[in-house]
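Single-structure report; data block below.
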Amino acid sequence: VRAVQEVGVRLAERAAQGVADGVRGYTGKDEYRFGDLTEETVHRVTGSDEYRFGDLSKGALRSVTGKTEYEFGDVSKSLFRRLTGHRGGGAEPDEAASDGSTK
C-alpha cells in the first residue's frame with residue numbers, strides 16, 4: 001500500500017512539474033503571474049503587446065453593442081435589434097435614412 005502511495009505522489013509531482021515547464025515554455029517567463037497565459041495567448045493571436053486584462057471582454061461587448069461604455073441591458077437590446085430588425089418597445093424595423101443614418 002505504501003509503495004502505491006509513493007508512486008502516486010511521484011506521478012503527481014511529475015505532472016505538476018510538467019505543467020510548470022509547459023507554462024514556462026509557453027510564456028517565456030520563469031515566474032507565473034495571474035493573467036500571463038491569457039496575455040501570451042492574446043499576443044500570439046493578435047501580435048499586440050498592448051493587451052491588458054479585460055481587453056477581450058471590452059472588445060467583445062463593443063462588437064455586439066457598438067458602444068464604448070457598457071450599460072445594463074445593452075447586450076440584450078443589441079441582440080434583439082439584430083434578431084428582429086426592431087429597436088424594441090414596439091418600434092418599426094430600422095430603415096436607412098437618405099443620409100445613411102438610421103432612425
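What you see below is based on every heavy atom in this structure, not just the backbone, and it leaves out hydrogens, waters and symmetry mates.
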Notebook entry, point to check: Please walk me through it: do D36 and Y26 pass side-chain contact (heavy atoms from CB on, under 4.5 Å)?
Noted result: CA-CA 10 Å; D36 284 349; Y26 187 76; over 6 Å; no

Next item on the list: Evaluate side-chain contact (heavy atoms from CB on, under 4.5 Å) for Q5 paired with V9, printing each intermediate quantity in order.
Entry: CA-CA 6 Å; Q5 289 175 333; V9 168; 5.5 Å; no

Note to self: One pair to check against side-chain contact (heavy atoms from CB on, under 4.5 Å): K77 and R81. What are the steps and the verdict?
What the structure shows: CA-CA 6 Å; K77 291 174 189 174; R81 278 193 299 272; 3.9 Å; yes

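Two different hydrophobic clusters hold L83 and V75 under the rule that ILVMFWY side chains link at heavy-atom gaps under 4.5 Å.
For E6 and R2, the salt-bridge test fails: no basic side-chain N is under 4.0 Å from an acidic carboxylate O.
Note that CD of E69 and CG of L61 are 11.0 Å apart. Values are rounded to the nearest 0.5 Å.
The side-chain heavy atoms of E40 and R44, taken from C-beta on, include a pair separated by under 4.5 Å.
With sequence neighbours excluded, no residue forms a ring-ring contact (aromatic ring centres under 6.0 Å, His included) with F72.
Closest approach of R24 and K29 over heavy atoms only: CG-O, 3.0 Å.
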